[in-house]
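The structure under discussion appears below in the form of structure tokens.
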Amino acid sequence: MPVPERAWYDRPSLEVAHDLLGAVLTRRTSQGTVALRLTEVEAYDGERDPGSHAFRGPTARNATMYGEPGHLYVYRHMGLHHCVNVVCGPAGTASAVLLRAGEVVGPGGAALARRRRLERGVVRSERDLARGPARLTVALALDLADDGADVTVPGGPVELAAGPGVAPSDVEAGPRVGVSGEGGRGDLYPWRLWLRDDPTVSEYRAAAPRRRGVRKQAG
DNA sequence: CCGCTGATATTCT
DNA sequence: GAATATCAGCGGG
């Protein structure tokens, strides 16, 4: 499968998100190679999207999103987890696609992905290896060191190859997961896309603000 | 099976 | 100080 060049990512993130379904992300490290067929993604539209990290403008964390398309934007979430995006649109804008889940494909990849996941937690079943954005980064061994990695380099540490294409009727869309800041109107941004009936798609969890006032130390 | 809760650190107010 | 693009463990039905 061909590795799209940079211009392929220089499009609206929702359009790129659709084309990323069925694409294969290949991760190469000294440990070995894990290839992942993407089954679930979410589009974010930069400064005009209240769900985006770039909604309030540039910061140290989101700097990569403002750069060239075709690079990874990796951030840390809730202290323990990492999530990975692919930067879209022209430099100077900040749209991106969050990679939420995939199916491990190819020889040997599942064993390596399982080993990595078991270091950090449990693996209930094969389909859970990269089911969820934080699990995906563990399976692929992606962290902040990979922020800015170029996915357009064939044979590189992170390579993204276009898939055979999926029929529009096989793609489902709905509200993004866990996103607040839309005023509870997740339906305004039905930009979570997934492959219908694919078992590796993550479970939906609505954005639910946590109970306030919980302290670790009595005061 | 389901729902709730704690962990944990970076970011922004 | 509060919120957060999450996950695993726990208890109940």
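Letters go in sequence order (proteins before strands), and every chain restarts at 1.
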Suppose we define a pair by two distances each less than 3.5 Å, Watson-Crick or G-U wobble; what does C/dG11 pair with here?
B/dC2
Can you tell me the base-pairing partner of C/dA5? Count Watson-Crick or G-U wobble geometry only, both distances below 3.5 Å, and say none if there is no partner.
none
For A/Gly121, answer base if it contacts any base atom (sugar-phosphate contacts may also be present), sugar-phosphate if it contacts only those atoms, and nothing otherwise; contact means non-hydrogen atoms under 4.0 Å.
nothing
Assign A/Arg117 to base, sugar-phosphate, or nothing according to its heavy-atom contacts below 4.0 angstrom with the strands shown.
sugar-phosphate
Where the side chain of [X] is defined as all heavy atoms beyond and including C-beta, which of [options] is the nearest nucleotide?
X        : options              : result
A/Val122 : C/dA5, B/dC1, C/dG9  : C/dG9
A/Val179 : B/dT8, C/dA5, C/dC7  : C/dA5
A/His53  : B/dT13, C/dT6, C/dA5 : C/dA5
A/Arg76  : C/dT6, B/dT10, C/dA5 : B/dT10
A/Arg124 : B/dC1, C/dT6, C/dA8  : B/dC1
A/Arg135 : C/dA8, C/dT6, B/dT11 : C/dA8
A/Arg205 : C/dT6, C/dA5, C/dC7  : C/dC7

With A/Leu193, the side-chain contact (heavy atoms from CB on, under 4.5 Å) member among A/Val166, A/Leu38, A/Leu21:
A/Leu21
Would A/Tyr75 count as stacked on C/dA5 if the rule is ring centres under 5.5 Å and plane angle under 30°?
no
Please state the P separation for the pair C/dA2 and B/dG6 - nearest whole angstrom.
16 Å
In this structure, OG1 of A/Thr26 is separated from CE of A/Met1 (nearest 0.5 Å) by 7.5 Å
Any salt bridge linking A/Arg114 with A/Glu126? Criterion: basic side-chain nitrogen under 4.0 Å from a carboxylate oxygen.
yes
For A/Tyr204 and C/dT6, give me the distance from atom OH to atom C1', rounded to whole Å.
14 Å
Provide, to the nearest angstrom, the distance between the CG atom belonging to A/Asn62 and the P atom belonging to C/dA5.
13 Å
Side chains of A/Arg116 and A/Gln31: do they bring a donor and an acceptor to under 3.5 Å?
yes
Side chains of A/Arg127 and A/Thr39 only: does a donor on one sit below 3.5 Å from an acceptor on the other?
no
Does B/dT13 have OP1 or OP2 under 4.0 Å away from a side-chain N or O of A/Arg56?
yes
